[in-house]
Amino acid sequence: MSAQAALVSTEQARALDTEASAQWGLHPFALVEAAGRACAGVGTRDWGLGSCCSESDSTFRVHPNSSNGYPQSLIPSPQSLIVLAGKGNNAADALVMLKTLVLYGFVPASACTVFAVQISDDAASPLSQAMLAVQKLNIPVMPWNSATAAGMLANADVVIDGIAGTGLTGSLRGVALEMAEAVNALNREKTYIVSIDMPSGNFDGWQPGMPIVEAHATLAIEPQKLCVYTPSARRFSGTILPVGGIFPPALIDQYRAAELVTWDITSARIPPVSETAYKYERGLVEIRAGSPGATGAALLAAQGAQAAGAGLVRLMVDPAVYPVIAPGCSGIMVAATEDQRFVPDAVLLGPGWGRGDDRRRLLEACVPLEAQGIPLILDADAIMLAKDMVFHGNAIITPHPGEFAAYTGLPKDEILANPVPALRHYAAAKNVHILFKSHVLYVVSPDGRIGVIDGMNPALAAGGSGDVLAGFCAAIAARCRSRPFDGYACACAAASLLVQAAKRIGKAFVDPAEFAKSAAAIAGEAWILKRSNA
């Protein structure tokens, strides 16, 4: 696993800092300097700041390729750039970033102000040294006073949030709380808010309703913090911009709690299709789905399986809906009766299926296949039908928050605030891989591996996208037939493929079948081997 993809808890982040100093010879001053400079580097590249030639040229030149999507007109000039500094190294990172921006001419010192929770006089602390450095640049460093700060913040173009970081172990309070509330009261159309590492107020135990800064962008210092990606807290970070090169990869790997999964990472874990492959070598997917009034779910699941590379898709439906589904299934084998000639490489059950006794019997008939090593993917209605089942490590369930709440009996809000404990418990207890679907997706395996896929695309919030995703899972599982089944790798690849497909489509509300079409091109680029011209 890539060290750059590591996610850690805030407790692990504190332990990592300590070991970096005690065992690796990385002095806290050096770490703060490196982090602050790296934040400035990422900020000037991705946040949208361009060059500022001199004190007399006070124009922010917004980079035309800025990835944060923030309108250029909203930062016309740095009449005011304000840093809010707390008591810890997070504040020191923010001040080093400010110092770097000024020294390299990205913003004039005259446009900057620092408000601090307290003026540090501890010469041995990185924060005091960072404060001294910005003061030497004639940047005012003032103790927080809400009355004094209010007017300046209201006129600020940019606010850098360095109020609290991984040292926070409870809800914001006191001056830090006043600062956070002042930031959140600002006109977001005028003032651009950047958090260092994570929005102040976030921590492993954060719950909805606790104070937290809402940022336009977060400069997330690697290893990134897992709590940033919890579904309830994710929106407060805005655009997440990773900041790396601070800690040795070997040290990061010692503290990994989860991995941030991307298409580039996970697609490489799935074997490509040989140029000599035939349809059965690419895998046979059997799908049992659909019912009167829900035939679209079955068709979308089958299209998803095709798009992710299955060699043959066999869609089993009820005789009553066969005439409805069959005409729209070009390239999909549709059947209403059993045929013993076909032995599936993966079986998908559930999309648009219903929960009657007949469905339960069909599911129970497929369970022995999972015991024999044939992957079983359970979506939608099949998840609830399997609520009391324990598997053999060859099954994937794909619940959304409501389905997982019904599956576990836990409150949905509790799950969204911190999904990992429940996901780990049920993955281990049921010996099943769980692909949890929300605007942040999680994959958790029985052996404890955790993958996080940052979705944050409202185009995916459409009925049918989950059916397509289930088809992806089945196809990828079937294509891996020649190796021991790894449900974690399959589910991660499927989830990241869906997110990548939505990104390629762009800002458009589309028929979910378009996700399958987009994914087909992406999957083909990754997994169809092309003869070298060399």
Side-chain angles (χ1 to χ4, degrees), residues 1-42 85-97 122 124-130 161-170 176 195-206 212 218-230 233-234 237 240-262 265 418 420-421 424 440 442 444 448-452 454:
M1 295 183 185
S2 167
Q4 284 70 41
L7 297 172
V8 299
S9 68
T10 52
E11 181 180 356
Q12 288 174 315
R14 294 193 296 271
L16 188 152
D17 281 340
T18 299
E19 183 169 344
S21 176
Q23 302 297 327
W24 289 73
L26 299 172
H27 195 279
F29 287 87
L31 290 172
V32 164
E33 186 71 20
R37 285 176 173 267
C39 284
V42 171
K87 295 181 178 180
N89 285 350
N90 177 265
D93 295 340
L95 293 177
V96 171
M97 176 182 175
D122 177 9
S125 77
L127 178 57
S128 66
Q129 293 300 304
D161 160 33
I163 302 168
T166 57
L168 189 68
T169 56
S195 288
I196 303 297
D197 202 22
M198 58 187 185
S200 292
N202 201 358
F203 67 105
D204 291 340
W206 183 86
I212 185 172
T218 296
L219 296 166
I221 298 171
E222 295 174 345
Q224 294 187 52
K225 313 310 174 284
L226 184 57
C227 62
V228 167
Y229 291 94
T230 58
R234 172 61 185 87
S237 294
I240 296 176
L241 304 173
V243 178
I246 314 303
F247 296 98
L251 176 59
I252 290 175
D253 281 334
Q254 293 178 27
Y255 289 90
R256 179 190 301 272
E259 69 167 335
L260 186 62
V261 173
T262 64
I265 290 173
N418 188 7
V420 169
R424 292 189 72 171
V440 180
Y442 288 73
V444 179
R449 286 175 291 171
I450 301 170
V452 178
D454 193 20

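Note that this is a predicted model, so its numbers are computed, not measured.
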>> Test of understanding: with side-chain contact (heavy atoms from CB on, under 4.5 Å), list the residues that count as partners of Ala92, not counting sequence neighbours.
In response: Val32, Pro126, Leu127, Ala130

> By side chain to side chain donor-acceptor pair (under 3.5 Å), which residues pair with Asp17, not counting sequence neighbours?
Replying inline: none

>> So Val452 and Val440, do their side chains get closer than 4.5 Å, heavy atoms only?
In response: yes

> Looking only at heavy atoms, what is the nearest atom pair of Ser200 and Gly162, with distance?
Replying inline: OG-C, 4.4 Å

> Below 4.5 Å, heavy atoms only, C-beta onward: do Ile246 and Leu31 meet side chain to side chain?
Replying inline: yes

>> Can you give me the closest heavy-atom contact between Leu260 and Ile265, atom names plus distance?
In response: O-CD1, 3.8 Å

> Who passes side chain to side chain donor-acceptor pair (under 3.5 Å) against Tyr229, sequence neighbours left out?
Replying inline: Gln224

>> Using the side-chain contact (heavy atoms from CB on, under 4.5 Å) criterion, which residues pair with Phe203? Sequence neighbours excluded.
In response: Leu168, Trp206, Met210

> Where do Val8 and Lys225 land on the side chain to side chain contact (heavy atoms under 4.5 Å, CB included) test, with the steps shown first?
Replying inline: CA-CA 5 Å; Val8 299; Lys225 313 310 174 284; 3.9 Å; yes

>> Just verifying a value: how many Å separate Glu259 CD and Asp253 CG, rounded to the nearest 0.5 Å?
In response: 10.5 Å

> Considering residues at least two apart in sequence or located in another chain, which fulfil the side-chain contact (heavy atoms from CB on, under 4.5 Å) criterion with Ala176?
Replying inline: Ile163, Leu172

>> Restricting to side-chain contact (heavy atoms from CB on, under 4.5 Å), what partner residues turn up for Glu11, sequence neighbours left out?
In response: Ser9, Arg14, Asp204

>> Using every non-hydrogen atom in the two residues, find where Cys227 and Thr230 come nearest and quote the distance to one decimal.
In response: O-OG1, 3.2 Å

> Residues two or more places apart in sequence or in another chain: which of them pass side chain to side chain donor-acceptor pair (under 3.5 Å) with Asn202?
Replying inline: none

> How many angstroms lie between CG in Leu251 and CZ in Arg256, if you round to the nearest 0.5 Å?
Replying inline: 12.0 Å

>> Rounded at 0.5 Å granularity, tell me how far CH2 in Trp24 sits from CD in Glu19.
In response: 7.5 Å

>> Going by the rule ring pair (Phe, Tyr, Trp, His ring centres under 6.0 Å), which residues pair with Phe29 if we only count those two or more places apart in sequence or in a different chain?
In response: His27

> Below 4.5 Å, heavy atoms only, C-beta onward: do Leu26 and Pro248 meet side chain to side chain?
Replying inline: yes

> Roughly how far apart are Asp197 CG and Cys39 SG, rounded to 0.5 Å?
Replying inline: 7.5 Å

> Can you find a heavy atom in the side chain of Asn90 that is under 4.5 Å from one in the side chain of Met198?
Replying inline: no

>> Nearest 0.5 Å, please: how far is CD in Gln12 from CG in Leu7?
In response: 10.0 Å

>> Suppose we screen for side chain to side chain donor-acceptor pair (under 3.5 Å). Which residues come up paired with Asp93, at least two apart in sequence or across chains?
In response: none

> Quick one: salt bridge (Lys or Arg N to Asp or Glu O under 4.0 Å) partners of Arg37, sequence neighbours excluded?
Replying inline: Glu33

>> For the CG atom of Asp161 and the CD1 atom of Ile212, what is their distance to the nearest 0.5 Å?
In response: 9.5 Å

> Nearest heavy-atom pair of Ala91 and Gly86: which atoms, and what distance?
Replying inline: CB-N, 3.3 Å

